[in-house]
Q: 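One structure follows; several queries about it will come next.
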Amino acid sequence: MSVQLSEQEQFRRQSLAAMRDLGINPYPPEEVEVTHYAADTKDSFKEENAGEWKEVKLAGRIMSKRIMGKASFAELKDHTGVIQAYFNRDELCPGEDKTLYNEVFKKLIDRGDFVWIKGFVFKTQVGETSIHVEEFKVLSKSLKPLPFPKTDDSGKVHDAFTDPEQRYRQRYVDLVVNDGVKETFVKRTKVMNTMRQFFNDAGYLEVETPILQPIPGGASARPFVTHHNALNIPLYLRIANELYLKRLIVGGFDGVYEFAKDFRNEGMDRTHNPEFTVMEIYVAYKDYNWMMEFTESLLERLAKEVNGSSSLKVGDNEISFKAPYRRLTMIDAIKEYAGVDISGMGVEELRKVCDDLGIENDDSMGKGKLIDEIFGEKCEGNLIQPTFITDYPIEMSPLCKRHRDNPELTERFELIINGKEIANAYTELNDPIDQRERFEEQLKLSEKGDDEAMFIDHDFLRALEYGMPPTSGMGIGIDRLVMLLTNNASIQEVLFFPQMRPEIKKGPELSENEKLVFDLLSAKETMDLSELKAAANLSNKQWDKAMKGLTKNSLAKVEKTDAGLTVSKV
RNA sequence: GAUUCAGUAGCUCAGCUGGUAGAGCAACGCCCUUUUAAGGCGUGGGUCCUGGGUUCGAGCCCCAGCUGAAUCACCA
């Protein structure tokens, strides 16, 4: 049984057939010549130079039609924007036969159809730059009606297509209909292109490393598992690419970077999607101080390239991306925002600090975790302007080198902007013995039941034993960076196709109750309604539903006679 | 995972104390040769998210479920 078409979909199929009857192919195969785009044409056209605009050819989607008898206006949308087109009956159809205008344009072309137009540019009496159409051609017929948001004089949008579920599931419609959505994604690409340019100019090499990994390393997270048939082994979708990029530094590259899709089998919310994009870069012979300078100049450049300015309004906050950024150790940050000096404190003291500050904690939490909690709870949200938080406790950073002045700390920084973490970087741990010990610490944690502790990657340790030069590495969450730079609060707004639960297909088949009634009826062809109802022995509601279903599908018919109501099979 | 809110025409939304399902836009028909949220007249269009229950009667009340969003928890 086919899915029921809405009335509007049926009309569009009729138009499609009518086009074919007129000898018009609604899906022609050949290419069309396009000489101009909507936005340029609108921006550049001047009436003084009308002579230069005598013949323009554009292609795009019809977004609206305003028919006024023998003349009409339509809006044509291409990838650059929207331009108005003017269709005049007697110019399109100079002879007796007005079919092209009266039938094809007025009736058979619908909102959403792709067309090609040829004509000249002019300004209407109201001053709107428009294309005076001399020829047009159908390029592709649209069978489903698009939503129709409209903007009034005051800029207010009416009937916007807003339901987030529909917008994400049918992003193609969202992109066609909601201005601004496309812009977000263009900016996203600009962010990545700018970063590439920045790294390439510095002489670093873009690389690709495995997504299917036998050991999911480089971060703490639950991985997706899959299975390789030929090898008969489990493989994991990567949760990070850090350990592979470091192997390449061991191999002698000076600087490598990768835009990586990572996968984590965890919850979804407005800042988490199961697959997401991270850029990681590793540069030999550098430390985290160098990396801070590198990062801040990158961010300043990104803000300028993407938004044309080094400052940006995000929510209520005006953020300046102009380098240099404030640098604050984690201990100083806690001193400043929580009012507590935790330097030198042990587990017990830290736990007391948490209690005093009203931060939840339990016995399983070690020193590092407690400090991290205090920071996350009391400091992070206050850091609006770009700030490097440095020198994290060692327990939290098993791949990071010990701090040169304090063995309890690591040479790590995170860049916090608008209260959120944007980048994370280390002076990388290149001491293979220290690294092995740190992995063993992780193993102990995992034996204690910490299911996020890292696996030991023996091949990575072997690589380090051959020698890795001093290196600094940095990772940026691209999705969150794009959220920041485009002022979007949800990760779903910066992913074309965010993960959703699968749609459930509704079957148009007869329900159990409908079948029951239909079978009873089939035996006798015609029955008294109350008799049939009694025979069916259904509740009122079920009976009502079943009968409505049958009459709707034209399988049964209810007739009123003098004797009462009778039901007959159709 | 918890709580709250939402789901009604293609889109945006009304729907009173439980009593025949509504509007604007879109669609369809007619009129209209520089309009622009075009306009005028007319017409059609519904699985009220799904399944139960209560009731003479449910879009509305009750229970369960589905989907989405927000907040929280968890998680880099």
Side-chain angles (χ1 to χ4, degrees), chain A residues 4-12 14-15 63-75 82 84-92 101 106-107 110-112 122-128 130 132 143-169 173 177-178 218-222 239-240 262 264-272 274 276 278 360 372 376 396-397 414 420-421 424 451-452 475 477 480 489-490 492 498 500-504 506-508 511-514 538-542 544-545 548-549 552-553:
Chain A
Q4 292 256 324
L5 293 178
S6 71
E7 187 194 32
Q8 295 196 36
E9 289 173 303
Q10 287 170 27
F11 278 123
R12 283 179 179 230
Q14 284 166 22
S15 300
M63 294 308 284
S64 71
K65 276 194 340 187
R66 288 184 287 277
I67 293 173
M68 293 172 300
K70 301 180 185 67
S72 306
F73 290 94
E75 277 170 314
V82 177
Q84 182 170 263
Y86 175 72
F87 292 75
N88 183 301
R89 187 191 71 180
D90 295 329
E91 289 173 54
L92 280 168
Y101 178 79
K106 271 171 68 176
K107 294 191 178 163
D110 293 305
R111 233 175 83 71
F122 76 111
K123 259 195 168 70
T124 63
Q125 290 178 352
V126 207
E128 176 94 15
S130 310
H132 195 117
L143 295 180
K144 273 176 132 25
L146 288 167
F148 195 1
K150 290 181 182 175
T151 311
D152 65 19
D153 290 340
S154 61
K156 202 179 160 209
V157 179
H158 301 256
D159 296 343
F161 180 58
T162 50
D163 179 10
E165 178 171 4
Q166 294 204 62
R167 285 186 50 230
Y168 302 149
R169 285 197 198 277
V173 174
V177 141
N178 287 331
S220 311
R222 291 225 312 272
I239 56 173
D262 288 348
R264 297 188 183 175
N265 204 343
E266 288 167 353
M268 292 159 55
D269 58 33
R270 73 183 196 296
T271 53
H272 296 84
F276 58 101
V278 171
E360 279 188 42
D372 195 55
M396 306 296 296
S397 318
E414 287 193 356
K420 293 180 187 92
E421 170 208 331
N424 180 22
D451 58 353
E452 298 155 11
R480 292 186 190 177
S490 151
Q492 292 157 314
M500 304 283 276
R501 275 203 166 74
E503 284 181 272
I504 306 154
K506 290 177 216 160
S511 72
E512 288 295 307
N513 290 336
E514 284 166 1
L538 294 171
S539 74
N540 285 339
K541 186 151 201 164
Q542 288 172 327
D544 189 55
K545 203 126 213 160
K548 275 182 184 158
K552 191 176 180 96
N553 287 318

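So you know, we letter chains A, B, ... as the sequences are listed, proteins then strands, and number each from 1. All of these numbers come straight from a predicted model, not from anything done at the bench.
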Q: Has Gln10(A) got a side-chain N or O lying under 4.0 Å from the OP1 or OP2 atom of C28(B)?
A: no

Q: Are OP1 or OP2 of C28(B) and a side-chain N or O of Gln8(A) less than 4.0 angstrom apart?
A: no

Q: From C32(B), U67(B), U36(B), pick the nucleotide closest to the side chain of Arg66(A)?
A: U36(B)

Q: Suppose we define a pair by two distances each less than 3.5 Å, Watson-Crick or G-U wobble; what does U50(B) pair with here?
A: A64(B)

Q: What integer number of Å spans the C1' atoms of G15(B) and A23(B)?
A: 10 Å

Q: Between Lys150(A) and Lys107(A), which has a closest nucleotide on RNA chain B that is more 5'?
A: Lys150(A)

Q: Using the C1' atom as the point on both nucleotides, what is the distance between A70(B) and U43(B), in whole Å?
A: 42 Å

Q: Can you check the distance between U50(B) and C11(B), where both ends of the measurement are the P atom (answer in whole Å)?
A: 15 Å

Q: Hunt down the Watson-Crick or G-U wobble partner of U4(B), both distances under 3.5 Å, from any strand shown, or write none.
A: A69(B)

Q: Both distances below 3.5 Å, Watson-Crick or wobble geometry, any strand: find the nucleotide opposite U36(B).
A: none

Q: Are any non-hydrogen side-chain atoms of Phe73(A) and Met68(A) less than 4.5 angstrom apart?
A: yes

Q: Could you check whether Glu75(A) gets within reach of a base, just the sugar-phosphate, or nothing at all, counting any heavy atom under 4.0 Å?
A: nothing

Q: Check the phosphate of U12(B) against Thr162(A), side-chain N and O only, distance under 4.0 Å to OP1 or OP2. Yes or no?
A: yes

Q: Taking only side-chain nitrogens and oxygens of Arg169(A), does any of them come within less than 4.0 Å of OP1 or OP2 of U67(B)?
A: no

Q: Quick check on G68(B): is either OP1 or OP2 less than 4.0 Å from any side-chain nitrogen or oxygen of Gln492(A)?
A: no

Q: Which is it for Gln84(A) and Arg66(A) under the side chain to side chain contact (heavy atoms under 4.5 Å, CB included) test, yes or no, and what are the steps along the way?
A: CA-CA 10 Å; Gln84(A) 182 170 263; Arg66(A) 288 184 287 277; 2.7 Å; yes

Q: Paired with A27(B): which nucleotide, if any, by Watson-Crick or G-U wobble criteria at under 3.5 Å for both distances?
A: U43(B)

Q: Check the phosphate of U33(B) against Arg89(A), side-chain N and O only, distance under 4.0 Å to OP1 or OP2. Yes or no?
A: no

Q: With rounding to whole Å, what would you report as the distance between G44(B) and C32(B) at their C1' atoms?
A: 23 Å

Q: With P as the reference atom in both, quote the distance from G24(B) to A64(B) in angstrom, rounded to an integer.
A: 39 Å

Q: Once you apply the 3.5 Å cut-off to both distances, tell me the Watson-Crick or G-U wobble partner of U17(B), or none.
A: none

Q: Determine the interatomic distance between P on A37(B) and the same-named atom on A21(B); round to the nearest Å.
A: 37 Å

Q: The side chain of Glu7(A) is closest to which nucleotide in this list: G68(B), G45(B), G10(B)?
A: G45(B)

Q: Should Phe11(A) and Asp110(A) be marked as a side chain to side chain contact (heavy atoms under 4.5 Å, CB included) after you check the CA-CA gap, both sets of side-chain angles, and the distance that decides it?
A: CA-CA 10 Å; Phe11(A) 278 123; Asp110(A) 293 305; over 6 Å; no

Q: Please state the P separation for the pair C49(B) and A14(B) - nearest whole angstrom.
A: 13 Å

Q: Considering only atom P, compute the distance from U20(B) to A58(B) and round it to an integer number of Å.
A: 12 Å

Q: Return the pairing partner of A76(B) with a 3.5 Å limit on both distances, Watson-Crick or G-U wobble; otherwise return none.
A: none

